[in-house]
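These values consider heavy atoms only, across backbone and side chains, with no hydrogens, waters or symmetry-generated copies. Residue indices begin at 1 and follow the sequence shown. On a predicted model such as this, the values are computed, not experimentally measured, just so you know.
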Amino acid sequence: MELKDKVEVTFHAGVLTIGGTIVEIAYKDSHIFFDFGTEFRPGLDLPDENLQTLLDNGLIPELKGLYDLRFNYEYKGDETKDYAHTAVFISHSHLDHTRMINYLDSDISMYALEATAEVVSMLNQNGDFLLPSPFESEKAFTRKITAVAPYGKIQVSDIEVQLVPVDHDAYGACGMIITVAGRKIAYTGDLRLHGYNPEDTEKFTELAYKADMMIMEGVSISFPERKPVKVACPIHSENALIAGFVQLQKVNPERQITFNAYPANVQRFSEMAKQSIRQIVLTADMALLLKKLFDQDVAYYKENVEQDTSLLDKTLEVDYVDLLADKTNYIWQVTDNFDKLQAGGLYIHSDAAPLGDFDPTYEKFLALLNSNAIEFVRMACSGHATPDDLDKIVRLTKPQLLIPIHSYHPEKLENPYGERILPHRGQKLLL
């Protein structure tokens with residue numbers, strides 16, 4: 001194969017950091033990208049989140065021909081080639097993989113698994129999940145995502161992409177198997193083995209077996225310096241978290257109990273509703289998501305009177321005033337107005353925002369609860385494979401070349417079965 005026909009893999013973002021992964025695979029007249037999020041660095045205190053501001057602060061990379069033409073963006077990178085075929089693939093709904101999709105040129109096709117396409121659209125129904133397009137009048141505008149069935153394959157000229165479900169804390173997550181020029185490239189997206197669907201990750205490793213290149217997340221090996229966070233009980237799986245959620249209700253029979261979790265983890269909300277001792281009450285938005293995805297009916301309340309709840313069972317609506325007064329019957333999701341909760345109540349924080357001490361709003365949030373004598377209990381279960389499971393996934397796949405990304409310490413992920421390269425941002429590898 002001549003040099004001009006080599007497969008080029010470029011790591012535009014998501015290297016030596018967590019989030020904002022953007023990788024490009026190019027061959028002949030075609031190229032694809034995954035994912036399309038932004039880095040989370042609130043300490044920058046940006047004046048706005050316009051395209052140029054994000055570029056100037058390094059939160060997104062210079063990309064030729066990807067951004068909406070209406071931005072009048074002037075590309076300042078080194079790429080000179082124009083491609084006949086371009087596509088973007090999204091591995092899952094978390095913001096660090098999706099947040100800037102509305103900045104993408106509308107002529108470029110974007111693909112994700114069916115569940116991810118549905119979740120992204122639902123989470124952005126109020127226009128406050130994704131970065132809003134400055135060119136669309138509709139507040140809740142979400143650019144088109146073509147839904148793909150599990151294990152479906154998309155052909156972009158000579159590049160084939162198979163979307164393979166994996167276990168993660170975002171419902172509908174996938175990894176990708178890219179086949180091009182006789183090469184097999186595996187991209188894990190974010191994945192784990194301790195959630196509701198570990199068999200999905202195991203199936204992915206089978207399809208990725210002996211890949212010429214495996215691009216792999218390494219979140220769990222990023223924070224050796226962090227102090228352990230006190231939790232109600234050891235939590236090593238999603239099932240253990242639900243068990244702890246139920247146990248807290250048993251030992252607090254006469255106390256206001258509220259909770260929140262990350263909205264993309266729809267399966268966790270579903271299991272909470274199924275196994276809760278008290279009547280669980282979700283926000284109308286979350287109840288609608290469960291209804292659409294699982295046809296599951298759950299009690300709900302309106303966070304504002306204008307919410308459209310026409311698809312929900314009216315008999316399951318609970319008045320917000322009744323929730324505020326209750327101590328024994330309900331356990332309910334709270335996303336705002338924490339100052340209205342009863343003094344002496346219990347609040348369960350289950351991977352909800354703010355996510356942790358790296359977020360400047362986290363300490364303020366804890367102080368607000370503490371000022372009202374509300375007990376804070378953190379019940380978390382990581383969406384990312386443990387260090388041991390990362391090693392297991394490498395062992396099961398035996399990649400010829402391993403590329404650890406999406407981590408502050410990618411050097412801790414080794415490959416006994418072949419080579420390993422630790423890329424820098426903007427680096428291009430030939431395969």
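When every heavy atom of His236 is checked against every heavy atom of His194, the shortest pair comes out as O-CB, 3.5 Å. The heavy-atom pair separating Ala112 from Ala117 by the smallest distance is CB-N, 4.4 Å. In terms of heavy atoms, Met272 sits closest to Ser350 at CE-OG, 4.0 Å. Among all heavy-atom pairs drawn from Pro61 and Leu55, the shortest one is O-CD2, 3.3 Å. The minimum heavy-atom distance between Gly218 and Ser407, with the atom names listed, is O-OG, 2.8 Å. Annotation for Arg268 and Ile242: closest pair O-CD1, 4.0 Å, computed over non-hydrogen atoms.
A salt bridge is defined here as a Lys NZ or Arg NE, NH1 or NH2 lying under 4.0 Å from an Asp or Glu carboxylate O, and Arg192 with Asp389 fails to meet this definition. A salt bridge links Arg70 with Glu136: at least one charged nitrogen is closer than 4.0 Å to a carboxylate oxygen. Using a cut-off of 4.0 Å between Lys/Arg side-chain N and Asp/Glu carboxylate O, Lys428 and Glu24 are scored as not salt-bridged.
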Step by step, would you call Ile257 with Leu248 a side chain to side chain contact (heavy atoms under 4.5 Å, CB included)? CA-CA 9 Å; Ile257 307 179; Leu248 282 174; 5.9 Å; no

Checking Asp308 against Ser310 for the side-chain hydrogen bond (donor to acceptor under 3.5 Å, both in side chains) test, could you report, in this order, the C-alpha distance in whole Å, the side-chain angles of both residues, the deciding distance, and whether it holds? CA-CA 6 Å; Asp308 182 6; Ser310 57; 2.8 Å; yes

For the pair Asp295 and Lys291, evaluate salt bridge (charged side-chain N to carboxylate O under 4.0 Å, His left out) and give the outcome as yes or no after the intermediate values. CA-CA 4 Å; Asp295 195 26; Lys291 181 64 176 178; 2.9 Å; yes

ring-ring contact (aromatic ring centres under 6.0 Å, His included), that's the test. Do His94 and Tyr262 meet it? Break it down for me. CA-CA 9 Å; His94 282 162; Tyr262 193 77; 5.0 Å; yes

Stepwise ring-ring contact (aromatic ring centres under 6.0 Å, His included) test for Tyr83 and His85: CA-CA 6 Å; Tyr83 290 88; His85 307 282; 9.8 Å; no

Audit row: Thr397, Lys210, side chain to side chain contact (heavy atoms under 4.5 Å, CB included) steps and yes/no: CA-CA 6 Å; Thr397 54; Lys210 290 193 174 179; over 6 Å; no

Walk me through it: do Gln249 and Ser276 pass the test side-chain hydrogen bond (donor to acceptor under 3.5 Å, both in side chains)? CA-CA 8 Å; Gln249 296 175 56; Ser276 177; 3.1 Å; yes

Evaluate side-chain hydrogen bond (donor to acceptor under 3.5 Å, both in side chains) for Asp48 paired with Thr53, printing each intermediate quantity in order. CA-CA 7 Å; Asp48 56 60; Thr53 301; 2.5 Å; yes

Would you please test Arg99 and Glu39 for salt bridge (charged side-chain N to carboxylate O under 4.0 Å, His left out) and show each step? CA-CA 9 Å; Arg99 193 162 182 256; Glu39 289 186 39; over 6 Å; no

For the pair Glu217 and Leu191, evaluate side chain to side chain contact (heavy atoms under 4.5 Å, CB included) and give the outcome as yes or no after the intermediate values. CA-CA 8 Å; Glu217 69 114 317; Leu191 79 178; 4.0 Å; yes

Apply the test side chain to side chain contact (heavy atoms under 4.5 Å, CB included) to residues Met110 and Arg143: give CA-CA distance (whole Å), side-chain angles for both, the deciding distance (0.1 Å), then the verdict. CA-CA 9 Å; Met110 175 176 284; Arg143 64 101 62 213; 3.3 Å; yes

Check the pair Glu8, Lys28 against salt bridge (charged side-chain N to carboxylate O under 4.0 Å, His left out), reporting the backbone distance first and the verdict last. CA-CA 9 Å; Glu8 299 179 348; Lys28 292 185 176 180; over 6 Å; no

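Tyr196 and Tyr171 have their aromatic ring centers separated by at least 6.0 angstrom. Remark: aromatic rings of Tyr67 and Tyr103 are distant, center separation not under 6.0 Å. The aromatic ring centroids of His97 and Phe34 lie 6.0 Å or more from each other. In summary, the aromatic rings of Phe338 and Phe365 are positioned with their centroids under 6.0 Å apart. When ring centroids are compared, Phe36 and Phe89 stay outside the 6.0 Å threshold.
Using modelled atom types, one finds no donor on one side chain facing an acceptor on the other under 3.5 Å when comparing Thr201 with Asp167. Side-chain contact, Thr142 with Asn124: a donor N or O sits under 3.5 Å from an acceptor N or O. Checking Asn239 against Ser237 by side-chain atom types alone, no donor-acceptor pair falls below 3.5 Å. Donor-acceptor pairing under 3.5 Å is lacking for the side chains of Thr335 and Asn260. Donor-acceptor pairing under 3.5 Å is lacking for the side chains of Gln333 and Thr258. The closest side-chain donor-acceptor pair between Asn197 and Gln267 falls under 3.5 angstrom. Asp105 and Tyr73 are not linked by any side-chain donor-acceptor pair at a separation below 3.5 angstrom, with hydrogens and angles left out of the test. Side-chain contact of Asn126 with Asp285: a donor-acceptor pair under 3.5 Å is present, judged by distance alone.
Ile22 is not listed as a side-chain neighbour of Asp35, based on a closest heavy-atom distance of 4.5 Å or more. Inter-residue side-chain proximity for Val377 and His349 is flagged as unmet; no heavy-atom pair is nearer than 4.5 Å. Inter-residue side-chain proximity for Ile185 and Asp212 is flagged as unmet; no heavy-atom pair is nearer than 4.5 Å.
We find the OG-CD1 distance between Ser109 and Ile145 to be 12.0 Å, quoted to the nearest 0.5 Å. Note: Ser106 OG to Ile108 CD1 = 8.5 Å, rounded to the nearest 0.5 Å. Residue Asn102 holds its CG atom at 11.0 Å from CZ of Phe129, rounded to the nearest 0.5 Å. Remark: Thr188 OG1 to His384 NE2 distance equals 10.0 Å, nearest 0.5 Å. Between Thr86 atom OG1 and Leu63 atom CG the span is 11.0 Å, to the nearest 0.5 Å. Within the model, atoms CZ of Phe11 and OG1 of Thr21 stand 10.5 Å from one another, a figure rounded to the nearest 0.5 Å.
The backbone N or O of Gly383 lies less than 3.5 Å from a partner atom in the side chain of His168, making a donor-acceptor pair. The main-chain N or O of Asn57 is found under 3.5 Å from a side-chain atom of Arg41 such that the two form a donor-acceptor pair. Between the side chain of Tyr75 and the backbone N or O of Glu79 there is at least one donor-acceptor pair closer than 3.5 Å. With Arg183 contributing its side chain and Lys6 its backbone, the two residues share no donor-acceptor pair below 3.5 Å.
More than 12 heavy atoms of other residues, nucleotides or ligands shown are found within 6.0 angstrom of CD on Glu206. Environment of CG in Asp78: sparse, with no more than 12 heavy atoms of neighbouring residues, nucleotides or ligands closer than 6.0 Å. The 12-atom threshold is not exceeded at CD of Glu419, counting heavy atoms of other residues, nucleotides or ligands nearer than 6.0 Å.
Using cut-offs of 30° and 60° for the angle between ring planes, the Tyr347 and Phe376 rings count as tilted.
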